[in-house]
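Throughout, a chain's letter reflects where its sequence line sits, starting with A, and its residues are numbered from 1. The figures here come from the full heavy-atom set of this structure, side chains too, leaving out hydrogens, waters and symmetry mates.
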Protein chains: 2
Amino acid sequence: MPRTRRIPVPPWRDTPQRLQVLRALAARPGFSSAKLLHARMAADGCEVGLSTVYRALAALVEAGQADVVRDDNGERLFRHRGEEQHQHYLVCRHCGFALALDTDEIETWADRIARESGFADVRHTVELAGVCTECSAGPL
Amino acid sequence: MPRTRRIPVPPWRDTPQRLQVLRALAARPGFSSAKLLHARMAADGCEVGLSTVYRALAALVEAGQADVVRDDNGERLFRHRGEEQHQHYLVCRHCGFALALDTDEIETWADRIARESGFADVRHTVELAGVCTECSAGPL
DNA sequence: CAAGGCTTGGCAATGATTTTCATATCAAAT
DNA sequence: ATTTGATATGAAAATCATTGCCAAGCCTTG
């Protein structure tokens, strides 16, 4: 019983803005930057402050409803997390085509490392990038 | 999403500043931020501009003499790379302490993916980050 | 010595993210 | 319905790591 303790997540009020952010995020297939989401929402006619987008995204991440990674420029990219667990991809450096990978091995490995190291809250990032067959074949 | 890659390396002049940066980096056990290195060098009496520290670190990374990861704040942490090969680490998000990992499994896995996918020039990034035992015990 | 090129370092500029703060909104109590 | 206390919003300002700029310094070669 004493397993349930839900304090960390501060009050949460369902506001139209937060729903908008969630919808915008869910509507995107891959990872998107806050900036991009903000722009896209604006384009769709819903005016939401950039600060609010950031706050909503932070809350979503906190609540485990979104994943976040960093791109090469240190920018944060967010992705809605459905019921599927996180996934890794092999991305084409040239055209952006992404191939979903079977990552059981990696997950198991990462879990073991986390356990054996004694570190807390271990999270991992695995990124594979190459040039897909089409891009390496065709000119351009 | 433009890729960022520049840094002309051709001419490389060994300057005292660059050597200082390299020494400072090599002197640290784990990953360190540019800011920290700069401060530590200053404390050791060698005045080197922050810009120079950044440039030297970029050059070292480019030359494969240093590894770089990102902490939770998007800050870049650098680590000197000795003669050891490509290596992955479990980094403490809080103090930067890094634990070298046995990554045979990952390497094998990545190689297999590269082979099976047909992608060319596949490179990978694996980052594990958590909070080390000391930091999770201490304050915060 | 002179010219040209690589370096340096202080400072301005960037750009993402956060904070501030006055205002708006909600939920429950009155 | 009105008050009240707490939370949310957004525009602008603040932060902060990192990079760009550029005049001045240092080397190397002619």
Trainee: What is the distance, to the nearest angstrom, from the CD atom on A:Glu75 to the P atom on C:dT14?
Mentor: 17 Å

Trainee: Once you round it to whole Å, what is the distance between P of D:dA14 and CG of A:Leu50?
Mentor: 17 Å

Trainee: For the pair made of CG in A:Asp14 and P in D:dT7, what is the distance, rounded to whole Å?
Mentor: 16 Å

Trainee: I want to verify a distance call: between C:dG10, C:dT18, D:dT9, whose nearest atom is closest to the B:Ser51 side chain?
Mentor: C:dG10

Trainee: In whole angstroms, how far is the P atom of D:dT19 from the CD atom of B:Glu62?
Mentor: 12 Å

Trainee: Rounded to the Å, how far apart are A:Arg70 CZ and D:dC16 C1'?
Mentor: 12 Å

Trainee: Ignoring backbone atoms, test whether A:Arg76 places a side-chain nitrogen or oxygen under 4.0 Å from the OP1 or OP2 oxygen of C:dT18.
Mentor: yes

Trainee: Hey, is the side chain of A:Gln17 poking within less than 4.0 Å of OP1 or OP2 on D:dG10, counting only N and O atoms?
Mentor: yes

Trainee: Is any side-chain N or O of A:Tyr54 closer than 4.0 Å to OP1 or OP2 of C:dT18?
Mentor: no

Trainee: Among B:Arg81, B:His88, B:Arg79, B:His80, find the one that has a side-chain hydrogen bond (donor to acceptor under 3.5 Å, both in side chains) with B:Asp67.
Mentor: B:Arg81

Trainee: What's the closest nucleotide to the B:Arg18 side chain, out of D:dG10, C:dT7, C:dA16?
Mentor: C:dT7

Trainee: What orientation do B:Phe31 and B:Tyr89 show, parallel under 30°, tilted 30 to 60°, or perpendicular over 60°?
Mentor: perpendicular

Trainee: So with a 6.0 Å cut-off around CZ of A:Arg40, is the heavy-atom count from everything else above 12?
Mentor: no

Trainee: Please state whether the phosphate of C:dG9, meaning OP1 or OP2, lies under 4.0 angstrom from any side-chain nitrogen or oxygen of B:Thr52.
Mentor: yes

Trainee: Taking the side chain as every heavy atom from C-beta outward, state whether A:Arg18 and A:Thr15 have any pair of such atoms under 4.5 Å apart.
Mentor: yes

Trainee: Atom CG of B:Leu77 to atom P of D:dA17: distance rounded to whole Å?
Mentor: 11 Å

Trainee: Whole-Å distance between C:dT8 P and B:Met41 CE?
Mentor: 10 Å

Trainee: Is the phosphate of C:dG15, meaning OP1 or OP2, less than 4.0 Å from a side-chain N or O of A:Lys35?
Mentor: no

Trainee: Return no unless some side-chain N or O of A:Arg55 is found under 4.0 Å from OP1 or OP2 of D:dT7.
Mentor: no

Trainee: If I take atom CG in residue B:Asp71 and atom C1' in nucleotide C:dT17, what distance separates them, rounded to the nearest angstrom?
Mentor: 14 Å

Trainee: Any side-chain N or O of A:Thr15 less than 4.0 Å from the OP1 or OP2 oxygen of D:dT9?
Mentor: yes

Trainee: Salt bridge or not between B:Arg55 and B:Glu62? Use side-chain N to carboxylate O under 4.0 Å.
Mentor: no

